[in-house]
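Down below is the structure, laid out as structure tokens.
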Amino acid sequence: DRIELSRQLVALEPGPETVLALLDSVRRAGLAILPWSENTLAWRTRVQCLRDWCPDLALPELSDAGLLARLESWLPPLLDGKTRVSQIAHGALDGVLKQACDYALLRTIEQEAPNQLLMPSGMQRRLEYALGQPPVLAVKLQELFGCAETPRIARGRVPVTLHLLSPGGRPIQVTQDLRGFWDRTYAEVRKELKGRYPRHPWPEDPWQASATHRAKPRGT
């Protein structure tokens, strides 16, 4: 009773039965077969992290398990008229997930789990999110001169993990204690790297220096 005698491919036609068949294929294969964009996957991760950090916000459950559990409530409209999940329009998954949040909640997500943070240098730098971890901010240390406090998100509950970089983009220090870095570690870093990167500022007192993302003009 378990021997397959033959197999035949059947061309699907758009319609209710095809939608049910596609839903079943997603349920069996998992959400990875859907045409997610990198931006939508990153947004989902941000929402999931913020949901863990701020349960009082009552954010929607956007994990794979949560979305699969209520697949029939959000995916069928995207499958209407389709015969393959790959035919879902670009950006449609992003739109349908964000429909679960009103405008105020979308704004809260952007405020409390931002995609980028504004540095004292005036530049925006990207935050990288991963489930179960604080977000990571990779930034050249010259962009943080004068800044004592480690940036925090999620209503101030979560300190960012700073990956402080040399002017060449190499990691110098990983820390959630920016003040401690300036007080205890910066002098040694300055001594080691000033000669290697002479066109970049290395003030003795980082508290009084102006944050910058630029090198000094040649000849100065």
Side-chain angles (χ1 to χ4, degrees), residues 37-57 59 103-220:
S37 70
E38 289 188 12
N39 286 340
T40 302
L41 289 174
W43 186 79
R44 281 181 59 196
T45 299
R46 287 162 56 201
V47 173
Q48 288 173 259
C49 289
L50 188 57
R51 178 182 165 91
D52 291 339
W53 298 327
C54 299
D56 48 305
L57 290 177
L59 293 169
Y103 177 74
L105 194 53
L106 290 173
R107 283 194 62 187
T108 298
I109 292 169
E110 295 306 314
Q111 291 170 353
E112 305 302 339
N115 189 45
Q116 297 179 322
L117 286 180
L118 179 64
M119 299 292 97
S121 65
M123 301 297 291
Q124 295 276 357
R125 298 304 180 198
R126 184 178 179 86
L127 282 169
E128 299 292 341
Y129 291 80
L131 297 178
Q133 304 175 32
V136 170
L137 174 67
V139 59
K140 293 179 182 179
L141 69 84
Q142 282 83 2
E143 296 197 49
L144 295 173
F145 285 153
C147 181
E149 301 302 328
T150 302
R152 305 179 75 90
I153 64 167
R155 295 184 167 177
R157 299 173 188 176
V158 180
V160 168
T161 298
L162 294 168
H163 286 207
L164 300 177
L165 308 178
S166 72
R170 295 182 179 277
I172 297 171
Q173 181 91 354
V174 175
T175 183
Q176 288 186 319
D177 181 9
L178 184 57
R179 183 185 294 274
F181 169 78
W182 295 130
D183 286 341
R184 297 187 294 273
T185 310
Y186 170 73
E188 189 64 30
V189 168
R190 176 180 181 269
K191 180 179 177 181
E192 179 182 348
L193 297 182
K194 184 178 180 180
R196 192 180 306 174
Y197 300 100
R199 292 187 58 232
H200 294 265
W202 298 97
E204 291 187 12
D205 185 357
W207 299 110
Q208 302 302 319
S210 297
T212 179
H213 66 282
R214 299 180 182 276
K216 293 183 289 186
R218 292 188 181 277
T220 61

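For the single chain, residues carry numbers from 1 onward in sequence order. Any value given below was found using the heavy atoms of this structure, including those in side chains, with hydrogens, waters and symmetry copies removed.
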Distance-only check: which donor-acceptor pairs under 3.5 Å involve side-chain atoms of residues 128-136, not counting sequence neighbours?
unit_1, atom_1, unit_2, atom_2, d
Glu128, OE2, Arg126, NE, 3.2
Tyr129, OH, Ala113, O, 3.4
Tyr129, OH, Pro114, O, 2.6

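- For the residue pair His213 and Ser121, the shortest heavy atom distance occurs at N-CB, 4.0 Å.
- Looking at Leu193 and His200, their side chains never come closer than 4.5 Å, going by heavy atoms from C-beta outward.
- Residue pairs meeting the ring pair (Phe, Tyr, Trp, His ring centres under 6.0 Å) criterion with at least one partner in residues 139-159, sequence neighbours excluded, are Phe145-Trp182.
- Under the 4.5 Å side-chain criterion, counting only non-hydrogen atoms from C-beta, Leu144 is in contact with Leu164.
- Legend: residues meeting side chain to side chain contact (heavy atoms under 4.5 Å, CB included) with Glu112, ordered by chain and number and at least two apart, are Leu50, Thr108, Arg155.
- Take Asp177 and apply the salt bridge (charged side-chain N to carboxylate O under 4.0 Å, His left out) test, not counting sequence neighbours, and it matches Arg184.
- The line from CE of Met119 to CG of Leu137 is 4.5 Å long, rounded to the nearest 0.5 Å.
- Of the inter-residue distances, the one linking Arg51 atom CZ with Ile109 atom CD1 reads 11.5 Å to the nearest 0.5 angstrom.
- The stretch residues 187-198 participates, sequence neighbours left out, in no side chain to side chain donor-acceptor pair (under 3.5 Å) pair at all.
- For Glu149, the salt bridge (charged side-chain N to carboxylate O under 4.0 Å, His left out) partners at least two apart in sequence or on another chain are Arg179.
- When side chains are defined from C-beta on, Trp43 counts as touching Leu106, because their heavy atoms get closer than 4.5 Å.
- Separation of atoms CG (Leu162) and CD1 (Ile172) is listed at 12.0 Å; rounding is to 0.5 Å.
- Taking the side chain as every heavy atom from C-beta outward, Val189 and Gln173 never approach each other to under 4.5 Å.
- In this structure, Gln142 and Pro201 have side chains that are in contact, with non-hydrogen atoms separated by less than 4.5 Å.
- Arg152 pairs by the salt bridge (charged side-chain N to carboxylate O under 4.0 Å, His left out) definition with nothing, not counting sequence neighbours.
- Between the side chain of Thr150 and the backbone N or O of Gln176, at least one donor-acceptor pair lies under 3.5 Å.
- Residues forming a side chain to side chain donor-acceptor pair (under 3.5 Å) with Arg107 (at least two apart in sequence, or on another chain): none.
- The CG atom of Leu141 lies 5.0 Å from the CZ atom of Phe181; values are rounded to the nearest 0.5 Å.
- Ser37 is linked by a side chain to side chain donor-acceptor pair (under 3.5 Å) to Thr40, counting only residues two or more places apart in sequence or in another chain.
- Checked against salt bridge (charged side-chain N to carboxylate O under 4.0 Å, His left out), Arg125 has the following partners two or more places apart in sequence or in another chain: Glu143.
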Result block: side-chain N/O donor-acceptor pairs under 3.5 angstrom for residues 204-212, not counting sequence neighbours:
unit_1, atom_1, unit_2, atom_2, d
Asp205, OD1, Trp207, N, 3.0
Thr212, OG1, Arg214, N, 3.0

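- With rounding to the nearest 0.5 angstrom, the CG atom of Asn39 is 7.5 Å from the CG atom of Asn115.
- For the residue pair Cys147 and Leu178, the shortest heavy atom distance occurs at O-CD2, 3.3 Å.
- Under the side chain to side chain contact (heavy atoms under 4.5 Å, CB included) criterion, Arg44 pairs with Leu31, Trp36, Leu41, Gln48, Leu62, Asp64, Leu67, Leu97, sequence neighbours left out.
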